[in-house]
Amino acid sequence: MSRIFQPLTLRGVTLKNRIVMAPMLMYSGQDDGKVNDLHLAHYSARALGGVGLITTEVVAVLPQGRISHTDLGLWNDSQVAGLARLADMIHTCGAKGTLQLAHAGRKSMVDGAIVAPSPLPHSEQQRTPEALSIAQIEAIVQAFVDAAQRAIDTGFDCLEIHAAHGYLIHEFLSPLSNQREDRYGGSEENRSRLLLEIVAGVRQAWPQERPLIVRLSAEDKAGPGGNHLQVTERLATRLKALGVDLLGISAGGLAPTFDGEIVPGYQVPYAARIREQVGIPVGCNGSITSSELVESILFSGAADLVYIGRELLRNPFWLLEVARHAGVEPPLAIPTYARATGPYVRGH
């Protein structure tokens, strides 16, 4: 039997299958950070295609923390209604939804000052950020907690904290981007402090029956001196103790280039190692485009969920074709969609 279509329960939320739409920026918003019709159409199409869990693109906790001026946001109450409509649409289309909270840090492209743990630019082509003060760091922690409290009213099933890919939290985690000498820099313990404070505050604010997910880069892959897998294993153990239910395991993003080979499933071993060593459910990603590879990942126990990105951009109904080849009839909000994947019978 196909492992892809086996349900999975995290706290009080049951996913109908093991496929997650990966968080991917669509740059289709506007400066107010609110949901528009393009967002509704984009996410609904993948939900109608049978995906079990739909993850939003990054939702910024502060205007300064946006990657671009077209990002979604949850820094004020006026943004709740649009996200609630999006969550309702995802549910109507038969899926569960995850809202991803983030702060871009030094990778922000918005106007005005950008911030980071240290005044080190992401690349030679990007601006030099201002180093955050302790008071500013504390305000960012509170911004994540405030956004989590607003997220309750959106109705999203899960909440995800983006701590990967070179954005602000990852910048604090890595010794390559964090050269502070206060309690948020230096030692591994201090560099982890921002993420752990955010998770502790968010887990307290977020309803206990709803899962909390953290997205991590298992290794910086940005040259010598960066974080390695053993550091992330220790961090994952602490996140599990704080009540995190799933880790989305990726790699890289701290630098413009990736220091390693990129092949289908190239990041899966990181997820497998953390799942084995820490004993926490994990999701994996990394150029995964075939159902055969997904089945192999799930069958081997390398991951509990598989994030699919570009393949769902190319084909929102990819999973329906997978179901047909597997001989599975998945539950769909519009069952007629499944007929299009099989032989056409006149009159039906």
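Quick note: residue numbers are just sequence positions, from 1.
Other residues, nucleotides and ligands place more than 12 heavy atoms under 6.0 Å from the CD atom of Gln230. In this structure, Gln204 places its CD atom where only 12 or fewer heavy-atom neighbours from other residues, nucleotides or ligands lie under 6.0 Å away. Atom CZ of Arg310 is surrounded by 12 or fewer heavy atoms from other residues, nucleotides or ligands within 6.0 Å. Around atom CZ of Arg85, no more than 12 heavy atoms belonging to other residues, nucleotides or ligands sit under 6.0 Å away. Enclosure of atom CD in Gln208 by more than 12 non-hydrogen atoms of other residues, nucleotides or ligands within 6.0 angstrom is indicated.
The pair Asp182-Arg193 fails the salt-bridge criterion, with no side-chain N (NZ, NE, NH1 or NH2) lying under 4.0 Å from an Asp/Glu carboxylate O. Ion pairing between Glu311 and Arg314 holds under the 4.0 Å rule for side-chain N and carboxylate O.
Geometric assessment of Arg215 against the ring of Tyr307 yields a positive cation-pi assignment under the 6.0 Å and 45° thresholds.
Residues meeting the side-chain hydrogen bond (donor to acceptor under 3.5 Å, both in side chains) test with Glu219, sequence neighbours left out: Tyr270. With sequence neighbours left out, the ring-ring contact (aromatic ring centres under 6.0 Å, His included) criterion links Phe317 to Tyr337.
Under the 4.5 Å side-chain contact rule for hydrophobic residues, Ile213 and Leu8 share a cluster. Using a 4.5 Å cut-off between side-chain heavy atoms of Ile, Leu, Val, Met, Phe, Trp and Tyr, with links allowed through other members, Ile137 and Val61 fall into the same hydrophobic cluster. Hydrophobic clustering keeps Met109 apart from Leu254 (ILVMFWY residues linked when any side-chain heavy atoms are closer than 4.5 Å, directly or through intermediates). Cluster membership for Leu86 and Leu74, using ILVMFWY side-chain heavy atoms within less than 4.5 angstrom, is shared. Residues Leu99 and Leu15 do not share a hydrophobic cluster, defined by chaining ILVMFWY side chains whose heavy atoms lie under 4.5 Å apart.
A donor-acceptor pair under 3.5 Å is absent between the side-chain atoms of Glu233 and the main chain of Gln277, judged by distance alone. A donor-acceptor contact shorter than 3.5 Å links the side chain of Asp71 to the backbone of Ile67. Put simply, the side chain of Arg273 never gets that close to the backbone of Leu229: no donor and acceptor are under 3.5 Å apart. A donor-acceptor pair under 3.5 Å is formed between the side chain of Ser300 and the backbone N or O of Ile297. Without hydrogens or angle criteria, Asn190 side chain to Gly185 main chain gives a donor-acceptor distance under 3.5 Å. Put simply, the side chain of Ser217 gets close to the backbone of Gly252: a donor and an acceptor are under 3.5 Å apart. Arg180 contributes a side-chain N or O that, together with a main-chain N or O of Pro117, makes up a donor-acceptor pair within less than 3.5 Å.
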Can you list the steps and then say if Asp88 with His91 is a side-chain hydrogen bond (donor to acceptor under 3.5 Å, both in side chains)? CA-CA 5 Å; Asp88 285 344; His91 293 153; 4.6 Å; no
Apply side-chain contact (heavy atoms from CB on, under 4.5 Å) to residues Leu25 and Thr70 and explain how you reach the verdict. CA-CA 9 Å; Leu25 279 162; Thr70 55; over 6 Å; no
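Between His165 and His162, the ring planes are perpendicular. Angles over 60° get that label, and only those under 30° would be called parallel.
The distance from atom CZ of Phe144 to atom CD of Glu197, rounded to the nearest 0.5 Å, is 12.5 Å. To the nearest 0.5 Å, atom CD1 of residue Ile114 and atom NZ of residue Lys107 are 11.5 Å apart. Here the straight-line distance linking atom OG1 of Thr289 with atom CG of Asn315 works out to 11.5 Å at 0.5 Å rounding. The CG atom of Leu101 sits 11.0 Å away from atom CG of Leu72, with the distance rounded to the nearest 0.5 Å. Thr128 OG1 to His122 NE2: the interatomic distance, rounded to the nearest 0.5 Å, is 13.0 Å. For the atom pair CZ of Phe299 and OG of Ser2, the computed distance is 12.0 Å after rounding to the nearest 0.5 Å.
Taking the side chain as every heavy atom from C-beta outward, Met21 and His42 approach each other to under 4.5 Å. Between Ser291 and His325, the closest side-chain pair of non-hydrogen atoms is not below 4.5 Å. The shortest side-chain heavy-atom distance between Pro63 and Val110 does not fall under the 4.5 Å cut-off. Between Ile249 and Arg275 the shortest side-chain heavy-atom distance does not fall below 4.5 Å. Between Gln100 and Phe156, the closest side-chain pair of non-hydrogen atoms is not below 4.5 Å. Considering only heavy atoms from C-beta on, Leu195 comes within 4.5 Å of Leu216 through its side chain. The closest side-chain heavy-atom distance from Ile19 to Trp318 is below 4.5 Å. For the pair Pro316/Leu48, no side-chain contact is recorded, criterion being any heavy-atom separation below 4.5 Å from C-beta on.
Across every non-hydrogen atom of Asn17 and Gly52, the tightest pair is OD1-N, 3.0 Å.
Residues in residues 240-256 take part in these salt bridge (charged side-chain N to carboxylate O under 4.0 Å, His left out) pairs, two or more places apart or across chains: Arg11-Asp245, Arg203-Asp245.
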